[in-house]
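Every number for a ligand or one of its atoms is a count from 1 in the order of the listing. Fair warning: this is a prediction, and the values are worked out from it, not measured in the lab.
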Amino acid sequence: MPEYKAPLRDIKFVMNELLNSEQHYANLEGAEDATPDMVDAIIAEGAKFCEQVLSPLNQVGDREGCTWSEASVKTPTGFKEAYQQYVEGGWPSMTADPNYGGQGLPHSLGLVMSEMVGTANWSFGMYPGLSHGATNTIEEHGTEEQKQTYLTKLISGEWTGTMCLTESHCGSDLGTLRTKAEPNADGTYAITGTKIFISAGEHDMAENIVHIVLARLPGAPEGTKGISLFIVPKNLPNEDGSSGERNAVSCGSIEHKMGIHGNATCVMNFDGAKGWLIGPENKGLNCMFTFMNTARIGTAIQGLGAAELGFQGSLAYAKDRLAMRSLSGPKNPEGIADPIIVHPDVRRMLLTQKAVAEGARALIYLTAQQADIVHSGKTEEERKAADEALGFLTPIAKAFLTEIGYEAANLGMQVFGGHGFISEWGMEQNVRDARIGMIYEGTTGIQALDLLGRKVLMTQGESLKGFTKQVHVFCKENADNEQLKEFLEPLAALNKEWGELTMKIGMTAMKNREEVGAASVDYLMYSGYAVFAYLWARMAKVALDKMVEGTSEEMFYNAKVQTARFYFKRMLPRARAHAESMLAGADSLMDMPEEAFAI
Ligand SMILES: Cc1cc2nc3c(=O)[nH]c(=O)nc-3n(C[C@H](O)[C@H](O)[C@H](O)COP(=O)(O)OP(=O)(O)OC[C@H]3O[C@@H](n4cnc5c(N)ncnc54)[C@H](O)[C@@H]3O)c2cc1C
């Protein structure tokens, strides 16, 4: 497994030079503590923890996995101690509400830490990641009493959390879920049902686990309009707030799976467990939507992490491994062969990973800034605009980044040749771990329907226009910049085409709704490549400006421009194929009768 090195220079480039975080934080309500010095200190401290504590446990987690016995789960060696250190470092409280023990730092800063934790050790990062989901839910929708009881413990990290949505017959279609919630005489509810695939559902790292559970009240309407949200703790809280008597919830088993072995994926049985309603009756799914965007950006990080880790491992290997001679003559004449980094195809694989990792970082941090504004923007108008931008960017970030992050992880393995397939190097683990990113938190197919159906067509293209307008302004403002021409011309053409393609699909969808489903994944991928083109053009501009000004970091900025060039010439053409495919119509998918899918 490659030893993870937090890419601090690039993190700072995106935060400070591309997205002007200092100004962004100064514009937020209550983000006074996020001064540049403070931000640097937090990131440096976080990086140390991820490199020294979490990264060495990544392969251990994969090898040992979690073990289940009589309803309890043992996490891999070192995970429990690492979690204690994580709690002692105050990391769980970073972005939480100061009224309940949080530090109130901006969400975007929390995501930088999540990036480092997740890249160093994704399986570990899921435990606090799920707690974060539970924290957000209670923070947003809980009563004061619920906040005092649960939020304080989740924020301190003494207790962890889960999100219990999926049942054996439904994951994407939660409208059909069956778990029941029956009112008790004391105002609580008896929760009965089985949830599957619950990440961090049971473990030995914390004294209590707070489950956030979707269930139906008696007589609730069918479908998504009849789902309510409940807090169901593993151990019932005592009067003094400590963890008390065992509730009727238990882990029936854990899954044996392709990757993320260090994270327990649990079957959770609720046998009349005591639960408390959060938010209004039958509005459970609406409540969840309020923080779904943040959770999805959290998953998008998995794509970034997979690309970054693959790149770090394969770059070192490509400089070291000798094989054959460069086509243009020996580059290492003293050695028996040249290092494989001289070969064009190895460079293609390295540059793809680099373009994905750095582009993903830019997209995630940009999206996270919108989440900050939704949460702490100073005016209603700002918050509303940011909410629209966040809604538009989130499915792209989640699905596009996990798809291309997985591709990048695969390329990381490919650079190693046969050795990539062998466990010792950790590259095959990276591929296995990354694969789930395209499935949970809404599959790529579901994200694509959300983007094209809900976000774009249902707003008559308004959310898309909000974004393409920004791109248009950027192209116009820099139209006289000769150095940027190679990026701006294709970007402007793509930006125009994006709107035209949307119109075409919108028109055909009016005649046949299947056209939306038929075009959606290609539309999402096209959108991802378009957003990346905008971000890579902006990154190239920052770097070119710096080089014109004069810099002692010529190599860093030059690499940015080279990577932007690689992206435009060698990755962006993929958008063409997606454009053609999305316009190909639903017939070639739907004309085949179901019976004809015979084996
Ligand atoms: C390791 C792991 C961890 C997980 N962690 C959690 C967790 O912590 N909490 C939790 O609640 N769940 C969790 N899940 C569940 C996960 O979120 C679901 O598996 C996922 O949402 C997909 O649901 P499903 O498995 O029921 O697939 P289905 O919904 O049955 O989908 C099957 C296929 O059909 C496609 N499909 C379905 N409907 C449509 C449609 N209308 N249009 C187009 N395509 C469609 C899907 O894209 C997919 O390709 C986890 C799963 C795994 C494997």
Side-chain angles (χ1 to χ4, degrees), residues 61-62 65-66 73 118 122-134 136-137 160-179 191 193-203 209-215 223-224 227 229-230 232 249 251 253-268 270 284-285 288 291-292 295-296 298-299 302 395 398-399 402-403 406 432-454 509 513-524 586 589-590:
D62 184 59
C66 294
V73 170
W122 187 261
S123 292
F124 176 91
M126 284 178 71
Y127 292 97
L130 268 299
S131 293
H132 195 61
N136 283 346
T137 314
T160 63
T162 72
M163 302 303 297
C164 298
L165 286 62
T166 305
E167 298 181 6
S168 60
H169 66 288
C170 71
S172 308
D173 186 6
L174 292 170
T176 62
L177 69 81
R178 296 184 190 130
T179 297
I191 312 291
T194 297
K195 297 284 180 181
I196 67 161
F197 298 161
I198 303 309
S199 302
E202 178 61 38
H203 58 78
I209 301 175
V210 182
H211 304 288
I212 304 291
V213 184
L214 287 181
T224 52
I227 298 174
L229 201 55
F230 298 86
V232 186
V249 47
C251 174
S253 64
I254 57 173
E255 304 293 347
H256 300 279
K257 53 195 195 286
M258 177 179 181
I260 55 165
H261 292 160
N263 193 270
T265 306
C266 305
V267 173
M268 298 303 300
F270 297 85
L285 268 194
M288 296 211 48
F291 72 87
M292 209 85 115
R296 288 180 169 171
T299 313
Q302 191 167 12
K398 196 277 168 184
T402 53
E403 291 280 339
Y406 180 68
R432 286 186 289 104
D433 286 353
R435 183 61 184 85
I436 185 62
M438 294 125 90
I439 298 174
Y440 56 19
E441 250 339 300
T443 60
T444 299
I446 296 299
Q447 299 295 337
L449 280 180
D450 180 49
L451 175 70
L452 181 58
R454 269 186 74 228
R513 294 297 296 164
E514 299 286 13
E515 295 289 346
V516 177
S520 55
V521 168
D522 284 302
Y523 185 84
L524 182 138
L589 298 170
M590 306 309 286

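Counting heavy atoms closer than 4.0 Å to ligand 1, residue Thr265 contributes side-chain atoms (C-beta onward) but none from N, CA, C or O.
Protein heavy atoms come within 4.0 Å of atom 46 (C) of ligand 1. Shown here, atom 12 (N) of ligand 1 is in close reach of the protein: a heavy atom of it lies under 4.0 Å off. Inside a 4.0 Å radius of atom 29 (O) of ligand 1 there is at least one protein heavy atom. Distance check for atom 32 (C) of ligand 1: every protein heavy atom is found at 4.0 Å or beyond.
Contact annotation: the side chain of Ile436 never approaches that of Met258 to less than 4.5 Å [non-hydrogen atoms, C-beta and beyond]. Contact check for Arg178 versus Thr194: no side-chain heavy atoms found under the 4.5 Å cut-off. Counting heavy atoms from C-beta on, the side chains of Ile191 and Thr179 come closer than 4.5 Å. At a threshold of 4.5 Å between non-hydrogen side-chain atoms, the residues Lys195 and Leu177 count as touching. Ile254 has its side chain out of reach of Thr265: every pair of non-hydrogen atoms, C-beta onward, lies at least 4.5 Å apart. A 4.5 Å side-chain heavy-atom check between Thr137 and Met163 finds at least one atom pair inside the cut-off. Using a 4.5 Å heavy-atom cutoff, the side chains of Leu130 and Thr160 are not in contact. Side-chain contact between His261 and Asp433 is absent, with no heavy-atom pair separated by less than 4.5 Å.
Partners of Tyr406 by ring-ring contact (aromatic ring centres under 6.0 Å, His included), not counting sequence neighbours: none found.
Scanning all protein heavy atoms for the shortest distance to atom 37 (C) of ligand 1 gives Ser172 OG, 4.0 Å. The nearest heavy-atom contact from the protein to atom 19 (O) of ligand 1 is Phe197 CD1, 3.9 Å. Nearest to atom 24 (P) of ligand 1 among the protein's heavy atoms is Gly171 CA, 3.9 Å. Annotation: atom 9 (N) of ligand 1 to nearest protein heavy atom, Met163 O, 2.8 Å. Among all protein heavy atoms, the one lying closest to atom 35 (C) of ligand 1 is Thr443 OG1, 4.9 Å. If you check which protein heavy atom lies closest to atom 20 (C) of ligand 1, you get Ile439 O, 3.7 Å. Closest to atom 18 (C) of ligand 1, if we only count protein heavy atoms, is Thr166 OG1, 4.2 Å. Annotation: atom 39 (C) of ligand 1 to nearest protein heavy atom, Ile446 CD1, 3.7 Å.
The shortest separation from a heavy atom of Glu255 to ligand 1 is not under 4.0 Å, leaving the residue out of contact.
Atoms of ligand 1 lying under 4.0 Å from at least one heavy atom of Ile436, given by number and element, are 1 (C), 2 (C), 52 (C), 53 (C). Short contacts between ligand 1 and Ser199, defined as distances under 4.0 Å to a heavy atom of the residue, involve ligand atoms 3 (C), 4 (C), 5 (N), 6 (C), 7 (C), 8 (O). With ligand atoms numbered from 1 in the order given, ligand 1 contributes 17 (O) to contacts under 4.0 Å with heavy atoms of Glu441. Near Leu449, meaning under 4.0 Å from one of its heavy atoms, ligand 1 places the atoms 40 (C), 41 (N), 42 (N). Listed by atom number, the atoms of ligand 1 under 4.0 Å from Cys170 heavy atoms are 26 (O).
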Show your working on side-chain contact (heavy atoms from CB on, under 4.5 Å) between Glu403 and Leu524 and close with a plain yes or no. CA-CA 11 Å; Glu403 291 280 339; Leu524 182 138; 5.9 Å; no

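Considering backbone and side-chain N/O of Leu165, one or more are found under 3.5 Å from N/O of ligand 1.
Lys398 places no side-chain N or O within donor-acceptor distance of the main-chain N or O of Gln447, the cut-off being under 3.5 Å. A distance-only check finds no donor-acceptor pair linking the side chain of Glu202 to the backbone of Met268 [under 3.5 Å].
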